[in-house]
Amino acid sequence: MNIVLMGCPGAGKGTQSVKLQQEFNLHHISTGDVLRAEIASGSVLGKQIAAIIDKGNLVPDEMIISMLENIIKSTTKGIVFDGFPRTVKQAEALDAMMRRLDRSITQVVMIDLPEKEVVTRICSRRQCKQCGEILHVDLSVPLSKCPACGGELYARPDDTPERARHRLDVYHQDTLPVKKYYQTGGKYVEVNGNQTPEKVFEDIQKSLK
Ligand code: AP5
Ligand code: MG
């Protein structure tokens with residue numbers, strides 16, 4: 001099973017990918033996490049990437065496509081793609097890569113979230129540096145440690161109201177055409193992302209063929 005999870009910034013792609021990974025023993029590929037790991041390594045490439053993603057823009061297609069092929073090759077497990085493809089060019093490259101590896105995309109799941117929810121969700125997100133847990137925090141209550149492991153929590157540099165709005169504009173311009181690309185293939189489904197994470201997951205499971 002190879003699943004593409006689509007959705008606007010804050011739709012819940014990361015949250016649901018972790019659930020899918022655990023339930024179906026999948027390999028979770030989050031291109032956002034791959035890019036943030038490169039930034040954390042302190043490399044020259046990482047510095048170039050930070051300058052792009054901290055502003056909420058997309059990194060060039062060629063860069064992300066070349067990073068992806070080796071990651072896909074490194075696993076024989078089913079894959080959940082989170083945040084990739086984000087342009088039609090990336091979708092075409094993914095199809096070509098999967099064909100070369102004698103694999104294919106089984107299903108494309110769009111997590112649908114009303115735009116008015118996006119900025120609140122993004123700005124209330126904290127992630128644990130230690131265990132990677134994604135949290136939705138109440139900003140009126142100070143919380144600095146992860147309730148799961150006690151690790152330090154952080155907010156992503158691109159998680160400000162201004163950048164969130166810009167990421168949404170980029171999503172409209174570059175990523176929504178990917179929805180049309182997949183809608184014609186018979187593998188595309190939509191689930192309502194504006195319900196509890198557990199209910200969203202239940203709907204995703206029901207949608208899997
Ligand atoms: P990426 O990291 O993929 O960011 P994104 O697509 O903007 O999505 P997010 O990670 O912000 O949201 P999410 O849908 O994962 O939601 P989450 O589960 O965390 O990409 C970051 C940047 O990297 C891009 O802007 C770009 O620059 C670059 N990049 C990445 N991939 C690229 C590519 N392929 N090509 C080019 N550039 C690329 O949830 C959000 C919050 O909501 C959390 O607080 C969570 O706890 C909460 N939440 C989740 N579900 C629910 C729910 N059902 N109810 C209530 N709260 C919920
Ligand atoms: Mg994410």
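Throughout, numbering of the chain's residues begins at 1 and tracks the sequence. Note that the structure is a prediction, hence the values are computed from the model and not measured. In each ligand, atom 1 is the first atom listed, and ligand 1 is the first ligand listed.
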Task: Nearest-neighbour protein heavy atom for atom 3 (O) of ligand 1, which is reported as residue plus atom name and distance - done: Arg86 NH1, 3.2 Å
- [ ] Consider every N or O of Ser124 and every N or O of ligand 1, then say whether any pair is closer than 3.5 Å.
- [x] no
Task: Non-hydrogen atom of Gly7 closer than 4.0 Å to ligand 1 - done: no
- [ ] Report the distance from atom NZ of Lys73 to atom CD1 of Ile71, rounding to the nearest 0.5 Å.
- [x] 12.0 Å
Task: Sidechain N-carboxylate O distance under 4.0 Å for Asp158, Arg167 - done: yes
Task: Heavy-atom nearest neighbour in the protein, as seen from atom 19 (O) of ligand 1, with distance rounded to 0.1 Å - done: Arg125 NH1, 2.6 Å
TODO: Find the distance between OG1 (Thr120) and CD1 (Ile122) and round it off to the nearest 0.5 Å.
DONE: 10.0 Å
- [ ] Show your reasoning for whether side chain to side chain donor-acceptor pair (under 3.5 Å) applies to His166 and Asn57.
- [x] CA-CA 8 Å; His166 179 65; Asn57 293 320; 2.6 Å; yes
Task: Under 3.5 Å: N/O of Pro9 near N/O of ligand 1 - done: no
Open item on the list: Within the 4.0 Å heavy-atom shell around Gly193, which atoms of ligand 1 are there?
Closed with: 53 (N)
Task: Contact check: Asp82 vs ligand 1, nitrogen or oxygen atoms, below 3.5 angstrom - done: no
Open item on the list: Do Asp61 and Thr87 pair up side chain to side chain, a donor and an acceptor below 3.5 Å, judged on atom types alone?
Closed with: yes
Open item on the list: Checking a contact table here: which protein heavy atom is nearest atom 37 (N) of ligand 1, and how many Å away?
Closed with: Val59 N, 3.2 Å
- [ ] Taking only Lys NZ, Arg NE, NH1 and NH2, and the carboxylate oxygens of Asp or Glu, determine whether Asp169 and Arg165 approach each other closer than 4.0 Å.
- [x] no
TODO: Indicate, as side chain, backbone, both or neither, the part of Thr196 found under 4.0 angstrom from ligand 1 when only non-hydrogen atoms are considered.
DONE: backbone
Task: Interatomic distance, Leu58 atom CG to Ile53 atom CD1 [nearest 0.5 angstrom] - done: 10.5 Å
Open item on the list: I'd like to check whether Gly14 has a polar contact with ligand 1, where a contact means an N/O of the residue lying under 3.5 Å from an N/O of the ligand.
Closed with: yes
Task: Part of Gln16 within contact of ligand 1 (heavy atoms, under 4.0 Å) - done: neither
- [ ] May I ask which of Lys199, Arg156, Arg126, Arg121 has a heavy atom nearer to atom 56 (N) of ligand 1 than the others do?
- [x] Arg121
- [ ] Could you walk me through whether Asn2 and Gln107 pass the side chain to side chain donor-acceptor pair (under 3.5 Å) test, one step at a time?
- [x] CA-CA 7 Å; Asn2 299 302; Gln107 187 128 352; over 6 Å; no
Task: Identity of the nearest option to atom 23 (O) of ligand 1, non-hydrogen atoms only, from Ile52, Asp174, Ile134, Ile53 - done: Ile53
TODO: Check each atom of ligand 1 against the heavy atoms of Phe84 and keep those under 4.0 Å away; list them by number with element.
DONE: 34 (N)
Open item on the list: Applying a heavy-atom cut-off of 4.0 Å, say which part of Leu35 lies close to ligand 1: side chain, backbone, both or neither.
Closed with: side chain
- [ ] Would you kindly say whether Tyr154 and Asp159 are connected by a side-chain donor-acceptor distance under 3.5 Å?
- [x] no
Task: For atom 44 (O) of ligand 1, the protein heavy atom that lies nearest, with its residue and separation - done: Leu135 O, 2.9 Å
- [ ] Please indicate whether any nitrogen or oxygen in Thr15 is less than 3.5 Å from any nitrogen or oxygen in ligand 1.
- [x] yes
TODO: Specify the protein heavy atom at minimum distance from atom 27 (O) of ligand 1: its residue, its atom name, and the distance to 0.1 Å.
DONE: Asn57 O, 2.4 Å
Task: Which of the ligand 1 atoms, numbered from 1, are nearer than 4.0 Å to a heavy atom of Ile122 - done: 11 (O)
TODO: Compute the minimum heavy-atom distance from Gln195 to ligand 1 and say whether it is under 4.0 Å.
DONE: yes
- [ ] Mind checking the NZ-CD spacing from Lys19 to Glu198? Nearest 0.5 Å is all I need.
- [x] 5.0 Å
Open item on the list: Side chains of His28 and Gln22 only: does a donor on one sit below 3.5 Å from an acceptor on the other?
Closed with: no
Task: Side-chain donor-acceptor contact under 3.5 Å, Gln16 with Asp82 - done: no
- [ ] Output the list of atoms in ligand 1 that are nearer than 4.0 Å to some heavy atom of Gly83, sorted by atom number.
- [x] 31 (N), 32 (C), 33 (C), 34 (N)
Task: Side-chain (Lys13) to main-chain (Cys8) donor-acceptor, under 3.5 angstrom - done: yes
Task: Geometric N/O contact Gly12 with ligand 1, under 3.5 angstrom - done: yes
Open item on the list: Any nitrogen or oxygen of Lys13, side chain or backbone, less than 3.5 Å from one on ligand 1?
Closed with: yes
Task: Atoms of ligand 1 close to His136 [distance to a heavy atom under 4.0 angstrom, numbered from 1] - done: 44 (O), 46 (O), 47 (C)
- [ ] Starting from atom 7 (O) of ligand 1, find the nearest protein heavy-atom neighbour and note its residue, name and distance.
- [x] Arg167 NH2, 2.8 Å
TODO: Report, in ascending order of atom number, the atoms of ligand 1 lying under 4.0 Å from any heavy atom of Arg36.
DONE: 2 (O), 21 (C)
TODO: Considering only non-hydrogen protein atoms, determine which one is nearest to atom 12 (O) of ligand 1 and report residue, atom name and distance to 0.1 Å.
DONE: Gly10 N, 2.9 Å
Open item on the list: Just verifying a value: how many Å separate Thr75 OG1 and Leu101 CG, rounded to the nearest 0.5 Å?
Closed with: 11.0 Å
Open item on the list: What protein heavy atom lies closest to atom 35 (N) of ligand 1? Include the residue and the distance to one decimal.
Closed with: Gln90 NE2, 2.9 Å
TODO: First locate atom CD1 of Ile49, then atom CG of Leu45, and finally report the distance between them rounded to the nearest 0.5 Å.
DONE: 4.0 Å
- [ ] Decide, yes or no, whether a salt bridge links Arg100 with Glu69 under the criterion of side-chain N to carboxylate O below 4.0 Å.
- [x] yes
